[in-house]
Structure formats: structure tokens, C-alpha cells
Amino acid sequence: MTGTHGDDFIDEIIEEYASLYEEIEDGERRELDLRSRLIRRLFCNVLGWEHSEYAQEDDWNDVRFYDEDRTPVIIIEGKKRDVDISEGVPQVFRYASETPYADLLISTNIDSFSLYRRCEPTHPDAITHHGVSARLVTEIDFKSISGANSRVASHEDLSHGQQQSLQKLAALRREEVLNADRYEDFSFENPADISEDEGFRELIRVLGISLDEYFVPYASETFDQYWSRYEEYESQRDELENQIERLEESGHDEAEVAELRTQLSKLNDEYEEYAQFHNDFETWVRLSGRQDEDLEDNKLVFCRESVYVQLNKLLLIRIAEDKGLTNRMVSNGGVEDYFEFWDDYTKYVERNYVDLFELASEELSEIYEHLFARRIFDWEIRDDSDLDEVIQRTLWHLNHFDFSEVNRDILGHLYEEHLSPEERKKLGEFYTPTAIIDLILDSVDYTPDEPLEREDYDLLDPACGSGGFLVRAARRLLERLDRKDVPAGETIEIVRQRLHGFDINPFACHIAEINLLFQVIDKYQTAKEENPDYTLDGFNIYQTDSLRSDNQASLTALHSSEVQRRYREERREANRLKTRSDYRFVIGNPPYVRKQNVPTGPARAEYDDYDVAKWNYDLSILFFRKAGDWLREEGQVGFITSNKFIPNRYGTEIRPYLAQNFQFRYLIDFGDYDVFETPQAYPIIFTGERINKSERARSPEEFQPEDYVFTFAVCV
């Protein structure tokens, strides 16, 4: 039962500890016997250690795990169940003072479990006993998780904090402890080809390890540190501002006020990094519509989205290197060359894997600058020894693979494999099945047989999510251009110009961009070979609220002038594209959000102003209304959305609007058929042609449609 990760790893720990507690409840057992059972269940059954690799003192005070040279690498101080484990911390540190090799130190009484890792005395979280410094990695109350009175059956019953605490026990795995030096060797023969099924499955597995065991625990811990520092800043700032206000109101000496303002300025400079983090997080909460969620949930989702962005960058760097688009910096000799260079040419300056990642990102920004510009999800990239290890180990794993023949949707499979439907919903990731997307594209005549390359064939997905519709449309457009033998550089430019996507969620926009980039990466390689000066501009993917008149995202002065300039340019372009009325295709899967779930505020007020926004409406009907504005005469709409606007009274205005302004082509009602792995979605596909664009609105009584035939189907 070794080698699992993520949720499965946590479930194994819960199961083994629950069995241990069952043994305790079933009969009398000596303390010594119970603790040996703990070693067997947790360390042997879950963490992969052999019985021959540890030694236990007769009084249980000291258990040591050894490497192949019989050097202790883990030391455990065991206390009786009625003794607080804090009493064991100085003792286990004293044992560690006898050997420099024991990196992991544990104090436990079975019910509670504290894990420490050696660190430098200067580490901000270091504690020191008997000349040994270490920092707390995780602290777990097992009795509340797996004890007799606990109802925990799996990871789903735990809080996010409890899950992260258990996940950090992966640091005790035998393969991690005994083979730590392997992460220094980046030379691999015969890397696995991810175009093959076996290689691709292994890639998805190790990406899961990087996410669950490296990136997410690091980001979660860093978030807590940043949040704590921001609270320090907020308290001190508020106090200084209150003092200044009181002094000014009482007419105090200006010199005293000036001194306080100087202190405030220094405080702002000192905590600028944490203030920017807090501002970005609050902006993300608002843009993601998560104002009503608690901080712990928002922290988990924000951290996951942030680390996905970094992992996506690492994947793209590796793909670019294997395709020969950039020099090798993080693969096949590049890592060794990088560190050898700095070792040879510098005496005092040291470089690490964080530096290497940022340098490789800068290099790749020459290919696609927009993706690698510092954004809201880059807060956790800093010069930090823990992050250095995260990136080192992730790069080591990725070097086992050959990315030169990428022909798979890596990101889609990664999310599908490692995110439950519930968590994908929290992340704003709703996957429309490919068959549904293709059906909609077919029904609006977006096929390679049509002149999709023409300027009057622009396509818009106003709620693009991670880009499912745009990717399928891009593949059809690329097939069309291949048939016409359009040069690679011109092909990429046509894809850029014809496809447009909006989404309110910044993470979704990032994924959509990188997914589109994956579609043209081979074309880029060819274009670069033909013209070394060729560069790729950004795709027309914009983080914006499609239903509002202006892009409402905010950016504070905490960001650099370059970031602010780029933001203003993107805002202007997004607003321009939102006001167009000549798209030939508007397609997608608009969000199913009822009015009462939209927080009161400016956005809600604008939604309420729509002429079709009646009763307890769903936002999806506003997308139908906007589609009428976006489309040219004879343009095509293709949406899959909730069917509730048909029987319910909130559809009172949108139903006649659709009848007057669209000639229906397909109406396919899925009823309660499970299309999205989401119960009670009740989806319907609606496709139609824009008509009567220049005519005034008429009442249902005076409007008389011409006879025509359309397809209506109900799934039963």
C-alpha cells in the first residue's frame, strides 16, 4: 500500500490509524505494544519502511529509522498517552544532537503527533534545544481524526487544514528520506514519451505528486505566513493613522505629525509585499464571486489556482525545450550547466532553483510574454529554501519525460484526474463534454468546410472557462488552414484574430490561454525556423465580466508601472471587444447562477437593469440577451445552458426575445440526464440564427414569425 499520494495517501493514514484505535478499544495492550503497532501501521504500511530499518528501545523513549549505512535519519520520542508531547520535544532534539544525519524529528504519544525538520538557526520558524535547530512541519491530533468518537471515514470528512497536516507526513516516506540525493541528478537515459499511453499516465501521476506533496503544502504554509504579516501591518498602520488623525484634529505640532507620517511611510515600504498579496487576494475573491465563502475555503482554492499556474509554466518550459524552441535550461544537462556556470564565475553570489525557474520563465516570455508577466497568482514565487526544494523536485520529475511529441490535453487530464467534481466547481472549472462542444460547433456550421479564416468569421465565447469551446474551434480552424497550405506564422495570426474569449475568473483565463498556446506550439516552432525574428502576440482572452459595460477589475498602485500600463491596455481592448456587434459566432456554456446567489453591489445592479432580468432570474438568460447584441445579422448562437427559463416565470421576457430575434436551428433538452457530473443542471442546447437585427422590438401579440423548421429533441 505504498506509493499513493494526495487524497488516497490521506485515506490510507486515516484507515491505519482507525484500525490502531480499534485495537486499543478491543482489549488491554501494553503501551510498548501499542507503539510498535503504530510504527507498523503508519511507517511500514503507509510510508513504506521495512521492519529491519528501525530499532526501538525497550522503554520506547527512542525509536530510530536508519539508512542503508545504519545512519539514523528519523528519530522518534514516544511518550505515554497521558503525557503531553511537548515534553518529548527537548528530548528528541537531545537525541538528534548525537548525530548530524537525523533530519526528521518526531514527538508523539499516539494521540498527538509533531514532526520537525532540521533547519538553520536563522530560519524564522526555528526552535533550538541542545544545539539542534528545527522547524515544525506538521502537528496532528489523531484522536480527533481516527479515535473512537470520531466520525471521520475519509479525507472528505476533514477540514482543509487537517488534510494539509496529514499530507505533510509524505516527508516521512522511505523513498523520500533515503533517496533525497537523487534529486541532484538530472541526467536520465530514455525518458518516457508522453505521446504513448504508458508515458502519459505516468506523467499525470507524477504531476499529482508535485501538486499534492510539494506545491500545495508549500503554498498553504506561505499563505498563512503572508496573512499573518499582513495582519501585523494592518494593526500598526491603523494605529499610526489614528494617531495622525487625533494629532491633526487637536492642532498638535506639525513636526510630531511629520514624524508619524515618516514612520507610516517606512511601515508601508517594509510590508509592501504583504499588502500587495492581500490586495491581490481580495481582488481574486471578488472576481471569483467567492465573497460569501469562508477564509479557509478561499485560501485552499486560491492556493491551488496559484500552484496550477506555476506548474503550467514549468510544463510549458519543458515542452519548449524539448521542441527546440529555447535553449535547455531545466532539462537534459541544462540544470548542471547553469549551476556549474555560477560556481565557476562567482565567488560570493549563489543561485538556486527559484532563480533558474525565473530565468527560464524570462526566456520563454520571448515566445509568449503575456503568460509569463507577473500576475495575481505569482505571489508565492520568492527566494525561499522550501520553494527551492519544491521546484527542484518538480523539475527532477519532469526530466523523466520526453515532451517533443505533445499530442495530449495535459492540463485537462491533470484537472480531471486530481480534482473531484466538487472541487472543480469550487475552482470555477466546468467541463463541457467534447461531444457536446462538437455538436454545437457542427450545428452552427463552424466546420473546416466553411471559410473560417475570413475576417467576418470571428467567434466569441463570452464565458470561456478553461477554453474547451475555443480549443475545439481552434482545431477546426487549424484543419481548415492546413488544407489551404497557409504558412505557419500566418496560421497562428489567423487563429489569434478569429477566436475571442472572456471570463470573469482570472484563473480560467490563464488556463484558456495556455490551452490555446498548446494548440499552436508546433506551428510556432515551424514559424520560428522560417523566421528567427517571429514573435507570438497574446490571444484574445480577457478577464472581464461579459455582462457589464466596462471591465471592473481593479489594480492598485502597489503594482509596478509596467504592470499597470499593461493592465490599462488590456482593459481598453476587452471593453472594445465587448461592444462589438459583428461576431459571426457566439458559443459557450454560460454560468448557471441564480440572482439570489449574486452579491448585492454594482454588478448585481447592472444585471438587474437588463430588460429580460425578471423575477428570480438566472444569469444565463442575460447571455442570451447579450448574444443578440454581439451577433451580426445571420450570425449563429450556440449555447448549452439550464432549461429552467422555458417553464419558469423568470423566462417571461427572454422567451419572446429569442422568438423574435433568432430563427431556431436546434433545441435539445437533456432533462435530468447527467451531462456535467452535476446533479439538477437540467441542460438544454440552443442554437439559432440572428434575425431582425435592425427591427424594433414588438409585443408577442403583434409579432408573427415566418414558418420554418427546426430540430427539437428531448432526452429520456
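Being a predicted model, the structure only gives us computed values, none of them experimental.
- Under 4.0 Å is where a charged nitrogen must lie from a carboxylate oxygen, and between D533 and K528 no such pair does.
- Residues T491 and T526 have side chains not in contact (no heavy-atom distance under 4.5 Å, counting atoms from C-beta outward).
- Here the options are D322, I317, I521, L316, the test is side chain to side chain contact (heavy atoms under 4.5 Å, CB included), and the partner is F403; only D322 passes.
- Applying the ring pair (Phe, Tyr, Trp, His ring centres under 6.0 Å) rule to F539 yields the partners Y368; only residues at least two apart in sequence or on another chain are considered.
- The backbone N or O of K614 sits nowhere less than 3.5 Å from a side-chain atom of E653 that would complete a donor-acceptor pair.
- In this structure, N505 CG and E305 CD are separated by 5.0 Å, a value rounded to the nearest 0.5 Å.
- Residues satisfying the salt bridge (charged side-chain N to carboxylate O under 4.0 Å, His left out) test with R496, not counting sequence neighbours, are E493.
- In this structure, A488 and A527 approach most closely via the heavy-atom pair CB-N, 3.8 Å.
- At distances below 3.5 Å, not a single donor-acceptor pair connects side-chain atoms of T544 with backbone N or O atoms of S546.
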Just do the side chain to side chain donor-acceptor pair (under 3.5 Å) check on D608 and Y617 with the steps written out, would you? CA-CA 9 Å; D608 288 345; Y617 64 86; 2.7 Å; yes

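- Remark: Y583 pairs with H500 by the ring pair (Phe, Tyr, Trp, His ring centres under 6.0 Å) rule, at least two apart or across chains.
- Here the side chain of K644 pairs no donor or acceptor atom with the backbone of P683 at under 3.5 angstrom.
- Considering only residues two or more places apart in sequence or on other chains, R690 meets the side chain to side chain donor-acceptor pair (under 3.5 Å) condition with N661.
- Not counting sequence neighbours, the partners of R476 by the salt bridge (charged side-chain N to carboxylate O under 4.0 Å, His left out) test are D438, D442.
- Q596 and N616 share a side-chain donor-acceptor pair at under 3.5 Å.
- Annotation: ring pair (Phe, Tyr, Trp, His ring centres under 6.0 Å) contacts of F281 (sequence neighbours excluded): F223, W227, W284, F302.
- In this structure D611 satisfies the salt bridge (charged side-chain N to carboxylate O under 4.0 Å, His left out) test together with R625, sequence neighbours excluded.
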Determine whether Q310 and D378 satisfy the following criterion, side chain to side chain donor-acceptor pair (under 3.5 Å), listing intermediate values before the conclusion. CA-CA 8 Å; Q310 308 313 323; D378 292 325; 2.8 Å; yes

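- Looking at residues two or more places apart in sequence or on another chain, you find a side chain to side chain donor-acceptor pair (under 3.5 Å) between S620 and D618, T641.
- Remark: F662 engages no residue in a ring pair (Phe, Tyr, Trp, His ring centres under 6.0 Å) (not counting sequence neighbours).
- In this structure, T687 and Q636 have side chains that are not in contact, with every pair of non-hydrogen atoms separated by 4.5 Å or more.
- Shown here are the salt bridge (charged side-chain N to carboxylate O under 4.0 Å, His left out) partners of E490, two or more places apart in sequence or in another chain: there are none.
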Determine, stepwise, if the pair L203 / L398 fulfils side chain to side chain contact (heavy atoms under 4.5 Å, CB included). CA-CA 8 Å; L203 171 65; L398 292 180; 4.1 Å; yes

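- Contact check for Y657 versus F624: no side-chain heavy atoms found under the 4.5 Å cut-off.
- At a threshold of 4.5 Å between non-hydrogen side-chain atoms, the residues N589 and F469 count as touching.
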Apply side chain to side chain contact (heavy atoms under 4.5 Å, CB included) to the pair L547 and K626, showing each step before the final yes or no. CA-CA 7 Å; L547 300 176; K626 285 294 292 182; 3.9 Å; yes

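- Applying the side chain to side chain contact (heavy atoms under 4.5 Å, CB included) test between F645 and each of L658, V612, T652 identifies L658 as the sole match.
- Contact of the F502 side chain with the C464 side chain is not registered, since no non-hydrogen atoms from C-beta on lie closer than 4.5 Å.
- Listed here is the closest heavy atom pair of L478 and Q519: CD1-O, 3.6 Å.
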Full working for salt bridge (Lys or Arg N to Asp or Glu O under 4.0 Å) between E606 and R548: CA-CA 7 Å; E606 284 197 48; R548 300 184 68 184; 3.2 Å; yes

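- Taking the six-membered ring where tryptophan is involved, the planes of Y534 and Y524 are tilted, since the angle between them lies from 30° to 60°.
- Taking the side chain to side chain donor-acceptor pair (under 3.5 Å) definition, one finds that Q525 meets it with nothing, sequence neighbours left out.
- Minimum heavy-atom separation, K595 to R604: CE-NH2, 3.2 Å.
- Between the side chain of D458 and the backbone N or O of R584 there is no donor-acceptor pair closer than 3.5 Å.
- Atoms CD1 and CG, on I437 and D461 in that order, are 9.0 Å from each other to the nearest 0.5 Å.
- Between the Q543 side chain and the I504 main chain, a donor and an acceptor come within less than 3.5 Å of each other.
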Kindly determine whether R304 and V216 satisfy side chain to side chain contact (heavy atoms under 4.5 Å, CB included), including the steps that lead there. CA-CA 6 Å; R304 270 204 172 272; V216 172; 4.0 Å; yes

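- Note that the CG atom of N648 and the CZ atom of R655 stand 8.0 Å from one another [nearest 0.5 Å].
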Stepwise side chain to side chain contact (heavy atoms under 4.5 Å, CB included) check, L441 with I587: CA-CA 8 Å; L441 290 172; I587 61 173; 3.6 Å; yes

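- Evaluation of the ring-ring contact (aromatic ring centres under 6.0 Å, His included) test over residues 473-498, restricted to residues two or more places apart or in two chains, returns none.
- With a 4.5 Å cut-off on side-chain heavy atoms, V301 and E293 do not count as touching.
- Using a distance-only test at 3.5 Å, with no hydrogens or angles considered, a donor-acceptor pair links the side chain of N692 to the main chain of Q660.
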Could you check R475 against D482 for salt bridge (Lys or Arg N to Asp or Glu O under 4.0 Å), going step by step and ending with a plain yes or no? CA-CA 10 Å; R475 292 183 180 181; D482 284 343; over 6 Å; no

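- Closest approach of I685 and I436 over heavy atoms only: CD1-CG2, 4.0 Å.
- Looking at heavy atoms from C-beta onward, L314 lies in side-chain contact with F215 at the 4.5 angstrom threshold.
- Between R483 and E479 a salt bridge is recorded (basic side-chain N to carboxylate O distance below 4.0 Å).
- Contact record, A474 with L516: CB-CD2, 3.9 Å, taken as the closest heavy-atom pair.
- Of all heavy-atom pairs spanning R498 and E453, the tightest one is NH1-O, 3.2 Å.
- By the 4.5 Å heavy-atom criterion applied to side chains, S581 and D629 are not counted as neighbours.
- Each of F664, F623, Y666 was scored for a ring pair (Phe, Tyr, Trp, His ring centres under 6.0 Å) with F686, with one residue passing: F664.
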